[in-house]
Amino acid sequence: MDPVIVVGAGPVGLALSLALADQGVPSVVLDEGPGKDEPRPARTVVLREDTADLVRRLGCASLCEKGLRWTGWRSVRRKQLVRAVPLGDEDGAVPLPSPVHLPQHALTWELRAAAEARELVRLVPFSRLDTLEQDPHGVTAHTREPGATWWRGSYLVGCDGARSTVRKLLDIRFPGRTAVERHAVAALRAELPWPGEAVLHRSPPWRTGGAEVTARPLPDGVWRLDWLLPPRGELVTPDALITRIRDTLAGWCGETPPYELLDTGVYTLHHRLARRWRSGRAFLAGDAAHLLGALGTQGLDEGLRDAENLAWKLAQAWHQGASELLLDSYQAERRAAVASRLRAADQSLPILRGGAGLRTLVPGSARGHDTLLADGHLGCGPLGAPPSYAHSPLSPQRAGAHTPVSTPPGAPVTDVRVTAPDGASVRLRDRLGRGHLLVVLVAPGTGVWDRRHWLTAGVMPRLVEAVDALPVKAELLVSESYPGATAHTVLLVRPDGHLVAAFNGVRPAELLAAADAARGGAPGTAYDAGATNDDGGNDDGGAHGHRDPAGDRADDRPRSRGEVRAPGGSRRSGGTGRSKGAGPSRGQGRSGGGSDRTADVD
């Protein structure tokens, strides 16, 4: 089968290609640029616990060296400390986990280095997409000069940012709100009174402080400072920004300390959500599908979750075939999760920014403004907590054998220690992202088992037989305990770490039914361009240039997967693997050139 075509080589596109490679799926990453990212210290990302673990599993083990884990969070109003939250381990307890804060270019470099080391990932610079075509067996894409080339893939994923060419070629609308927030940003090296702690200061008592300023630490004594600007009007000149920096540092330190200014910028944040995230064999992910960022919400976090969610579903489709339900579930799960995040931010903004509004409807408004403001930054509540897919179309029907644990069905599992089939003791999250389900038996006392014989002890033989009978590949693990679970509870976990169901004992029939639901049922028929989308409407946003596979072809000779062809007729290998695939279509395409403006607001 042809490789997956990933359009865009930012963090989301690179993460998707690596996640596919970990599950045995080749990909071609089309990068519009030269394959290098210039350092921008003021452009940073905050990774929550789940996305930091994902990046680490993808081959970026040195991530913590490039980033800094905050030790605490401070909320200050005028001159008064309102709230102090410890992060990370504290006297043996585990409060809120520490997010990882690092420059975005450092993350991209790490992911790119990992991708360059994978045989199943091919990075292609200077490849700007201008045509996208689909047929029942795959996707054909064309990239512009200097290396005008036709590419053939099994699926295509647009990870090409807010001005996505893929989204435009698929004719998918991108409604939302423009200029939700504006921030002046500076990255500087200085000594502040709270080493390692992030600070949110509302209504600071100096003239240029504005409504809100945050200080978030980075490695090597660097800080990122953000000033909330009025939504319209105020032009931030270099002199005005220097004045803000000096006044802010003096307000915190008593006088302006020595500092080294590394980078500055002014960022405007938009909230947008693509109408559809799937059109046939083409998908959207990351900023191509959604924009968010107000109140500390993290768009890149959501983009990485898109990649993790989609990767295992495409891997299932690539290796064994997939039902339409499984492929549609990507949009059903991820779009709903991001829509919920955007809804929470839009409802909170009128209250937190001082306007009138939906005070009675704001999730968590009774907890106070400072707590609500911290949620987006710390990964809590509706603004920041990892998503749960409780209403996923992949959820099994409730059965009498199901039992409650502390993790609701659809939510991310707790990262307990487990015993792997080879007898090794590992973290549960370390077994994610391998393209198969996980079956976890909770069995107190297993720590003293003879690991040479643990598969033949107690209820294990029956469970091994039940796992072997599942319709998809699954790995059997054992844990001493799991929050809220009793002895002999069996957990079924998706490849992306979300709980499918928990059972009170070894229940082969119910386990099989849940596993079948998690894969979306048996693989279905090939893509039908006339099929309806999950919203019940006609999927009229398919790729332009779609042709019947029996129609005219530029060349009907069989091709290797991902082979590329210049319009003049010369051929060169563009993918990985040797299996045969269809030749590229020379049907009518639609250019992705022209205006790069953001889609109009509804």
Side-chain angles (χ1 to χ4, degrees), residues 48-51 53-54 273 277-278 289-290 292 297 301-302 304-313 316 323-347 361-364 375-376 379-416 428-429 432 437-440 442 472 482-485 489-504 507 510-511 513-521 533-536:
R48 317 299 184 195
E49 188 179 24
D50 61 321
T51 50
D53 269 344
L54 168 63
L273 187 66
W277 292 23
R278 180 193 175 200
H290 51 77
L292 68 162
T297 54
D301 245 14
E302 299 300 338
L304 293 173
R305 288 167 181 150
D306 295 345
E308 185 176 32
N309 185 289
L310 183 57
W312 75 267
K313 297 170 182 178
Q316 173 73 18
S323 67
E324 290 295 304
L325 181 62
L326 180 66
L327 297 177
D328 282 342
S329 71
Y330 166 66
Q331 171 175 312
E333 293 176 350
R334 291 299 307 141
R335 189 178 187 277
V338 175
S340 177
R341 194 86 75 208
L342 287 170
R343 190 178 307 114
D346 288 344
Q347 290 176 344
L361 300 180
V362 177
D375 280 355
C380 305
L383 288 173
S388 176
Y389 308 135
H391 303 292
S392 168
L394 305 182
S395 299
Q397 291 187 347
R398 178 72 183 178
H402 289 195
T403 187
V405 294
S406 66
T407 304
V413 293
T414 302
D415 190 24
V416 297
L428 179 55
R429 282 196 184 135
L432 301 178
L437 300 174
L438 302 177
V439 178
V440 182
V442 179
V472 289
Y482 188 88
T489 296
V490 175
L491 310 176
L492 182 63
V493 183
R494 301 187 343 175
D496 59 355
H498 289 259
L499 181 68
V500 178
F503 306 93
N504 55 355
R507 305 287 184 140
E510 290 83 354
L511 183 63
D516 189 55
R519 67 162 180 161
N533 61 24
D534 68 334
D535 292 327

### Message
Closer than 4.0 angstrom, basic N to acidic O: yes or no for Glu302 and Arg48?
### Response
no

### Task
Please lay out, stage by stage, how Val490 and Val440 fare under the test side-chain contact (heavy atoms from CB on, under 4.5 Å).
CA-CA 6 Å; Val490 175; Val440 182; over 6 Å; no

### Task
Would you give the length of the straight line joining atom CZ of Arg341 to atom OG1 of Thr297, rounded to the nearest 0.5 angstrom?
8.0 Å

### Nearest heavy-atom neighbours spanning Pro412 and Thr407
O-CG2, 3.4 Å

## Note on the structure
Heavy-atom closest pair (Pro483 atom, Val416 atom, distance to 0.1 Å) is CD-CG1, 4.0 Å

### Query
Between the side chains of Asn504 and His402, is a donor N or O closer than 3.5 angstrom to an acceptor N or O?
no

### Query
Taking all atoms of both residues into account, what is the closest heavy-atom pair of Ser388 and Pro409, and its distance?
OG-O, 4.1 Å

### Message
Give me the atom names and distance for the closest heavy-atom approach of Ala515 to Leu492.
### Response
N-CD2, 3.6 Å

### Query
Quick one: does Asp346's side chain get under 4.5 Å of Arg343's, heavy atoms only?
no

### Side chains of Leu499 and Val405 in contact at under 4.5 Å (non-hydrogen atoms)
yes

### Query
So, for Ser329 and Pro393, which heavy atoms are closest and what is the spacing to 0.1 Å?
CB-CG, 3.7 Å

### Task
Before accepting this row, confirm whether a basic side-chain N of the pair Arg305/Asp50 lies closer than 4.0 Å to the acidic partner's carboxylate O.
yes

### Summary
Taken to the nearest 0.5 Å, the spacing of Leu273 CG from His290 NE2 works out to 8.0 Å

### Query
From Arg278 CZ over to Leu310 CG, what is the distance, rounded to the nearest 0.5 angstrom?
10.0 Å

#### Entry: Reported CH2-to-CG distance for the pair Trp312 and Leu432, which is rounded to 0.5 angstrom
12.0 Å

#### Entry: Residues Glu333 and Arg494 bridged, charged N to O under 4.0 Å
yes

### Task
For the pair His498 (side chain) and Gly410 (backbone), establish whether a donor and an acceptor sit closer than 3.5 Å, ignoring hydrogens and angles.
yes

### Task
Check Ala518 against Leu437 and note the closest heavy-atom contact, atom names and distance.
CB-CD2, 4.4 Å

### Task
On the 0 to 90° scale, with breaks at 30° and 60°, tag the Tyr330-Trp277 ring pair as parallel, tilted or perpendicular.
tilted

#### Entry: Main-chain N/O of Tyr389 paired to Ser392 side chain as donor or acceptor, under 3.5 Å
no

### Query
Hey, does the side chain of Ser340 reach the backbone of Ala337 with a donor-acceptor pair shorter than 3.5 angstrom?
no

### Query
Is any side-chain heavy atom of Pro495 closer than 4.5 Å to a side-chain heavy atom of Glu308?
no

### Message
Do Pro396 and Val500 have side chains that approach each other closer than 4.5 Å (heavy atoms only, starting at C-beta)?
### Response
yes

### Query
To the nearest 0.5 Å, what is the distance between CG (Asn309) and CD (Gln331)?
11.5 Å

### Message
With heavy-atom distances below 4.5 Å as the criterion, would you say the side chains of Phe503 and Leu511 are in contact?
### Response
yes

### Task
Check whether any side-chain heavy atom of Leu438 sits under 4.5 Å from a side-chain heavy atom of Leu428, and report yes or no.
yes

### From Arg507 atom CZ to Thr403 atom OG1, the distance as rounded to the nearest 0.5 Å
9.5 Å

### Query
Judged by atom type as modelled, is there a donor-acceptor pair below 3.5 Å linking the side chain of Tyr482 to the main-chain atoms of Thr414?
yes

### Query
Are the side chain of Ser323 and the backbone of Leu326 linked by a donor-acceptor contact shorter than 3.5 Å?
yes

